[in-house]
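Convention: sequence-line order gives letters A, B, ...; per-chain numbering from 1.
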Protein chains: 2
Amino acid sequence: MHHGIAIGKVSDAARVKIPTIRYYEQIGLLAPNRTEGNRRTYGQDDVERLTFIRHSRELGFNIDEIRTLLSLQDAPHQSCHEADTIAKARLVEVKRKIASLTALKAELERMVEGCSHGRVETCQVIEILADHGKCVFHDHTVAA
Amino acid sequence: MHHGIAIGKVSDAARVKIPTIRYYEQIGLLAPNRTEGNRRTYGQDDVERLTFIRHSRELGFNIDEIRTLLSLQDAPHQSCHEADTIAKARLVEVKRKIASLTALKAELERMVEGCSHGRVETCQVIEILADHGKCVFHDHTVAA
DNA sequence: CCTTGCTCCTATAGTGGCTAGAGGTTGTAC
DNA sequence: GTACAACCTCTAGCCACTATAGGAGCAAGG
């Protein structure tokens with residue numbers, strides 16, 4: 001009504017794109033509130049909720065984890081044990097990913113350094129990709 | 001015919017799942033060869049090609065990059081300049097990702113350490129997620 | 001020869017987390 | 001009153017697979 005924020009403003013304020021906000025509503029992360037003219041309307045709390053979501057996404061939490069984190073935030077008198085568990089799991093994952101990417105980095109550096117800048121026949125890049133035995137990167141789990 | 005390898009064997013040999021092999025054929029990474037009974041049939045070269053693809057995917061190259069790398073491998077007298085460029089671009093990306101994940105790791109560690117194991121009200125995990133200002137992780141680009 | 005059961009086939013739909021587009025409505029400023 | 005921005009819904013597309021349904025081929029044992 002009088003002090004509702006339109007989706008565009010919320011989008012700017014929370015730095016979450018408009019279609020993404022609509023998507024979040026669709027999957028139930030955001031409560032649907034409309035004006036008489038059928039426009040989505042938000043309050044400052046929604047801006048904060050969206051910021052929370054964006055930040056969590058940036059930190060690599062998936063939607064299900066965020067759903068749990070949001071439900072925890074909505075019930076502040078509960079134990080934070082679950083939030084702690086989620087963060088810890090994420091930390092383990094991140095550590096593993098860093099280790100994997102570091103090995104990958106070494107592999108790519110070896111490829112690039114080994115490249116004789118000649119023809120494909122003698123190119124380390126192609127050769128290492130073709131023959132796994134020549135690869136030093138063995139924890140092939142994350143990469144992407 | 002007599003020395004063709006069936007998809008299941010190729011799948012085991014190259015450690016690429018059967019539906020994935022069919023998918024690769026569909027998108028043109030693999031030539032389609034069939035027996036009279038309409039079964040896909042492969043040779044040792046296909047096992048090597050699939051291993052190349054798997055390895056490249058594990059190293060984080062996307063399908064388009066792999067397409068280029070494969071076309072280079074198929075023409076070994078060409079210059080390997082392009083392969084070098086692709087690997088270098090990937091290296092830059094990986095370095096950026098490591099930097100980002102390292103910052104993220106610090107952030108998660110701060111969260112977990114700061115958690116008083118009490119109630120959500122006072123939980124650092126939730127608080128840091130809610131208030132971006134309290135976050136030390138600012139290169140929010142990769143994360144996942 | 002026949003059945004059992006394994007491997008294979010196609011085609012379609014689903015995954016996650018959005019993003020893009022078409023085509024229509026509402027609200028606002030001049 | 002009219003131009004135009006901002007909004008609406010609905011559908012389809014992105015990537016790289018993965019899953020499922022429903023059917024056909026093929027090798028070994030009886």
Handout entry: Distance-only donor-acceptor test (3.5 Å): side chain R57(B), base dA16(D)
Key = no
Practice task
Check the pair D46(A), R40(A) against salt bridge (charged side-chain N to carboxylate O under 4.0 Å, His left out), reporting the backbone distance first and the verdict last.
Solution key: CA-CA 11 Å; D46(A) 293 302; R40(A) 284 171 183 83; over 6 Å; no
Practice task
Indicate whether OP1 or OP2 belonging to dT19(C) is found under 4.0 Å from a side-chain N or O atom of T20(A).
Solution key: yes
Problem - Integer-rounded Å distance: dT15(C) P and Y23(A) OH - result: 10 Å
Problem - Spacing of N38(B) atom CG relative to dA24(D) atom P, expressed in whole Å - result: 12 Å
Practice task
Among the candidates dT18(D), dC9(C), dT19(C), find the nucleotide nearest to the side-chain atoms of P19(B).
Solution key: dT18(D)
Problem - Short side-chain N/O contact to dC17(D) OP1/OP2 from Y24(B), under 4.0 Å - result: yes
Practice task
For R40(A), report the nucleic acid contact type (base, sugar-phosphate, nothing); a contact means any heavy atom under 4.0 Å.
Solution key: sugar-phosphate
Problem - CD/E82(B): more than 12 non-hydrogen atoms of other groups inside 6.0 Å - result: no
Handout entry: Length of the CD-P vector between E36(A) and dT28(C), whole Å
Key = 13 Å
Practice task
Sort out for me which residue in V94(A), I98(A), T102(A) forms a side chain to side chain contact (heavy atoms under 4.5 Å, CB included) with T102(B).
Solution key: I98(A)
Exercise for the section: Nearest whole angstrom, please: distance from the P of dT18(D) to the CD of Q26(B). Expected result: 14 Å
Practice task
Decide, yes or no, whether a salt bridge links E107(A) with R110(A) under the criterion of side-chain N to carboxylate O below 4.0 Å.
Solution key: yes
Handout entry: Whichever of R39(A) and K17(A) has its nearest DNA chain C nucleotide further upstream toward 5'
Key = K17(A)
Handout entry: Integer-rounded Å distance: dA16(D) P and I21(B) CD1
Key = 17 Å
Handout entry: Carboxylate-amine/guanidinium contact D64(B) R67(B), below 4.0 Å
Key = yes
Problem - Contact under 4.0 Å: R34(B) side-chain N or O vs dT10(C) OP1/OP2 - result: yes
Exercise for the section: Look at all strands and tell whether I27(A) reaches a base, only sugar-phosphate, or nothing, counting heavy atoms closer than 4.0 Å. Expected result: nothing
Practice task
Please state how far atom CG in L29(B) lies from atom C1' in dC15(D), giving the value in whole angstrom units.
Solution key: 13 Å
Handout entry: R22(B) or F61(B), whichever maps to the more 5' nucleotide of DNA chain D
Key = F61(B)
Practice task
Mind calculating the distance between CD1 (I18(B)) and P (dT20(D)) to the nearest angstrom?
Solution key: 15 Å
Exercise for the section: Take the protein atom CD of E58(B) and the nucleotide atom P of dC17(D), then report the distance between them rounded to whole Å. Expected result: 11 Å
